[in-house]
Amino acid sequence: MDIIVCIKRVAQTAEADVKIDSSGKDIIKDRLTFDMNESDTYALEEAILLKEKSGGTLTAVSLGTVEVEDTLRIALAKGADSAIRIKAEDFEELDGYKTAQLLKAAIKDLKSDVIFTGCIATDDYYSQVGVILAELLGIPHATLVAKVDIQDTKAQVHRELEGGLIEHLEMSLPALFTIQTGINEPRYASLIAIRRAAKKEIKVIGASDIDPTGIQANASLEELFTPPVGKRAEILSGSMDEISAKVAGIIKEKGLI
Amino acid sequence: MNDIFALVEHRQGAIRDMTYELLSCGRKLAEKENTKLTAVILGHNTDDLVQILKSQAHRLLVVDNDVFKDFNSEVYQNALSEIIKQQNPALTLISHSAFGMDLCPALATKLGVPFTTDCLDIEFVEQKLKVTRQIYDGKLNAKVQLRENPGYMITLRSGRFPAGEGNLEGAVEKFDTPVSTQPDYRKFIEYIEAAVGEVDITKSDILVSVGRGLKDQANLSIIEDFASAIGGVVACSRPVVDAGWMAKDRQVGSSGKTVKPKLYIALGISGAFQHIVGMKGADTIIAVNKDPNAPIFSEANYGIVDDLFKVVPVLKTKILEVKLTKG
Ligand SMILES: Cc1cc2nc3c(=O)[nH]c(=O)nc-3n(C[C@@H](O)[C@H](O)[C@H](O)COP(=O)(O)OP(=O)(O)OC[C@H]3O[C@@H](n4cnc5c(N)ncnc54)[C@H](O)[C@@H]3O)c2cc1C
Ligand SMILES: Cc1cc2nc3c(=O)[nH]c(=O)nc-3n(C[C@H](O)[C@H](O)[C@H](O)COP(=O)(O)OP(=O)(O)OC[C@H]3O[C@@H](n4cnc5c(N)ncnc54)[C@H](O)[C@@H]3O)c2cc1C
């Protein structure tokens, strides 16, 4: 079984202060930490588990600047055999559509039975790259995959819908699956494996390796802005004792205690 | 301008709520652009759906076939691409749901139509479509313009366009199905209902809900202790379930449960859209988060900006004090 996994390196912003830079089209990144996109860690684990079960090769691919090589090395340390970086610095207006076209260009000559991506990137939230890639490659896809069981060329697939309802599909390979979080328990890379991966070569491809015909973006970014403040919570202030007393008072007033 | 299309989403015989929001958005846009709204219904035994939706659109385009009974994006994609090629809508609206996420990017790519996903707002500015989206954990919005084209496609986030009554008298038009079988490479087999757990969080008046801020499963006992002291039940956000710290039936949100307790205390939850949709109906929401910019504070009634592990013990003591002095 030959497997490909698409990995994005994203800024971790859940607990960070996010500020717009002077261009108005990007954020100030120097104080942020970056890591493998959450659902991609599950996609990678699913790929490694499949390779362990059925043998074959596992290639990790990422479009990004040179820093994504660190993320690709984590994938190599965990179990990928090879890694490809597409140089984001060679391209402009990288929306999801163009991203998918470049991913296709990078992998189209590789043999693949299964492609895994994450179901959503937690920076831009589009949930589209995997599905576009499958369509461009002419293979079927399933999104929000919570379970996939592959036997020969058939896959039993569970998609997770609203309310936790599961949609059971039967698909044939080759196919692309966008993986939902929680599908497995992503492993940690051992220190020895990380050291070994540091020496592995990462294939880097850029504009000169990709035929630009027809590659275009669907969308262009006009501006970033701070969301309008709607209803805001009343922020309780004072000492911890005072704040807690206020909350207790509110709960009592509502007749809940 | 050509018609605006809105794709009706239904599951297990029932129209999904989001469909009414799509139609409401579509009516608003159609009015502004001086064009008409078409509701596109792919289904089986569609008479009931047509009756319910008649007042919601200027036209109902109905494709009735057994193959559309259950959603299969490949089947929908093949049928819709024929319909769209023939009808050339100026815009096709699809909900940003498990259904729309599976369908829209592939359908639009197949058709070569510029599209984007998870839109909060949309407007035409001189034939060009501009959308507003949320990025970076809801901390920023982005205005995005689509490549100019006679037709566009987008998925719309729920909660942005309130469902409306509709006072139209939609003309019903039947469309012969371009597909009648599921392809071998992707077959719908069945729906599997979520397992029922030991506690039903939708029945509790007080929910103490914990998120990734919990940091470690070992800390769960602090939260359980607090919840039982104030007579509540523990619920959680998705990452807590993903990590295996709590069972799936405790999860609040779009892929979990929708709850409407009298009191919802959110501890270490950032307030992602998929979480908010499951709890915004609570009477009173109190959020504890150490990040003053966490989006949860836009949904909560009261906020405490601090470390939850400092807040919870004091809060427990104070609530118990008030409880004791009750009589
Ligand atoms: C107008 C515009 C301009 C932009 N300009 C830039 C830019 O110059 N540089 C830049 O880095 N970003 C840029 N972005 C952000 C960007 O390219 C998004 O990553 C892209 O729109 C894909 O959407 P998403 O990240 O939400 O992916 P989703 O569709 O949510 O991602 C789903 C899955 O696809 C895979 N995937 C997504 N992106 C990649 C990737 N890069 N490599 C490998 N796998 C991937 C992952 O498996 C991921 O889990 C821009 C966005 C817009 C709208
Ligand atoms: C299709 C789909 C469906 C989804 N369905 C759901 C769903 O049903 N329910 C759901 O919840 N999510 C769902 N999600 C995931 C959702 O997008 C978010 O990733 C998730 O809600 C984030 O959970 P969180 O707030 O606990 O974690 P984070 O976003 O990581 O936030 C943690 C918060 O805790 C705060 N914090 C950390 N430590 C402390 C401390 N000591 N004291 C106080 N505050 C602290 C931080 O400041 C931060 O705001 C879904 C996603 C997708 C793509």
Side-chain angles (χ1 to χ4, degrees), chain A residues 13-15 17-18 20 27 123-128 131-132 134-136 140-144 159-172 181-182 217-227 230-236 240-241 243-245 247-248 250-252 254 256-257, chain B residues 74 97-98 101-102 105-106 109-110 114-118 134-137 139-147 184-194 205-206 230 241-242 248 254-256 262-263 270 284 286-287 291 293 297-298 300-305 310 314-315 318-319 322-323:
Chain A
T13 52
E15 300 183 25
D17 211 4
V18 184
I20 301 167
I27 57 166
D123 49 359
D124 297 296
Y125 268 90
Y126 280 93
S127 284
Q128 54 173 240
V131 182
I132 304 167
E135 185 61 30
L136 294 173
H141 70 271
T143 53
L144 301 170
R159 295 187 62 226
E160 193 185 325
L161 312 180
E162 287 79 13
L165 185 71
I166 296 293
E167 177 184 307
H168 175 189
L169 299 171
E170 187 177 284
M171 296 178 64
S172 52
T181 55
N218 265 330
S220 61
L221 184 65
E222 293 212 308
E223 56 163 342
L224 299 180
F225 59 98
T226 312
K231 181 190 95 180
R232 275 287 288 178
E234 178 187 330
I235 302 292
L236 303 173
M240 192 61 71
D241 267 353
I243 290 174
S244 297
V247 172
I250 292 162
I251 299 177
K252 185 170 185 185
K254 308 256 173 211
L256 290 168
I257 46 174
Chain B
E74 292 285 343
S97 57
M101 279 184 234
D102 213 58
T109 299
K110 180 177 174 150
F115 72 98
T116 195
T117 43
D118 197 15
Q134 207 173 58
I135 55 175
Y136 294 114
D137 292 288
K139 290 181 176 173
L140 290 182
N141 281 0
K143 189 143 235 169
V144 170
Q145 179 177 316
L146 294 189
R147 172 166 59 78
D184 279 340
Y185 53 81
R186 176 166 165 157
K187 284 201 153 76
F188 173 89
I189 305 293
E190 61 177 337
Y191 289 118
I192 303 166
E193 300 289 338
D205 278 346
I206 300 177
I230 69 168
V241 176
D242 288 342
K248 179 84 183 167
S254 64
S255 57
K262 291 192 173 129
L263 176 65
S270 62
T284 302
I286 300 174
D291 175 5
N293 296 318
F297 291 125
S298 299
N301 304 93
Y302 303 97
I304 302 172
V305 181
K310 278 200 248 154
V314 187
L315 202 51
K318 285 288 169 205
I319 292 173
V322 171
K323 221 172 165 178

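The chains referred to below are lettered A, B, ... by the order of the sequence lines, with proteins before strands, and numbering in each begins at 1.
Taken from NZ in B/K187 to OG in A/S172, the straight-line distance is 8.5 Å, to the nearest 0.5 Å. Rounding to the nearest 0.5 Å gives a distance of 10.5 Å between CG of A/L169 and CD of B/E190. From B/I135, atom CD1 reaches atom OG1 of A/T13 across 9.0 Å, with rounding to the nearest 0.5 Å.
Looking at A/A134, there are no atoms closer than 4.5 Å to chain B (heavy atoms on both sides), in backbone or side chain. Interface remark: A/L224 contributes backbone and side-chain atoms alike to the contact with chain B (heavy atom separation under 4.5 Å). Heavy atoms closer than 4.5 Å to chain B are found in both the backbone and the side chain of A/A142. Within the 4.5 angstrom heavy-atom criterion, only side-chain atoms of A/K254, from C-beta onward, approach chain B. Within the 4.5 angstrom heavy-atom criterion, only side-chain atoms of A/L144, from C-beta onward, approach chain B.
Across all their heavy atoms, A/R159 and B/A98 have their closest contact at NH2-O, 2.5 Å.
Looking at B/V144 and A/E222, their side chains never come closer than 4.5 Å, going by heavy atoms from C-beta outward. Using a 4.5 Å cut-off on side-chain heavy atoms (C-beta onward), B/Q134 and A/Y125 make no contact. The side-chain heavy atoms of A/I251 and B/V322, taken from C-beta on, include no pair separated by under 4.5 Å. Counting heavy atoms from C-beta on, the side chains of A/D241 and B/V314 come closer than 4.5 Å. Using a 4.5 Å heavy-atom threshold, the side chains of A/I235 and B/F297 count as touching. Side-chain contact between A/I166 and B/Y191 is absent, with no heavy atoms from C-beta onward closer than 4.5 Å.
In this structure, the side chain of B/K248 does not engage the main chain of A/G164 through any donor-acceptor pair within 3.5 Å. Remark: side-chain polar atoms of A/E167 are not paired, donor with acceptor, to backbone N or O of B/F188 under 3.5 angstrom. Panel note: side chain B/K323, backbone A/K252; no donor-acceptor pair is recorded below 3.5 Å. Of the possible donor and acceptor atoms, one in the side chain of B/R186 sits under 3.5 Å from a partner among the backbone N and O of A/H141. A donor-acceptor pair under 3.5 Å links the side-chain atoms of B/D102 to the main chain of A/T143, judged by distance alone.
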>> Walk me through whether B/D137 and A/E15 qualify under side-chain contact (heavy atoms from CB on, under 4.5 Å).
In response: CA-CA 9 Å; B/D137 292 288; A/E15 300 183 25; over 6 Å; no

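By the neighbour-count criterion of 12 heavy atoms within 6.0 Å, atom NZ of B/K262 is sparsely surrounded, having that number or fewer from other residues, nucleotides or ligands.
Between chain A and the residues B/V241, B/I206, B/T109, B/D242, the largest count of heavy-atom pairs under 4.5 Å involves B/D242.
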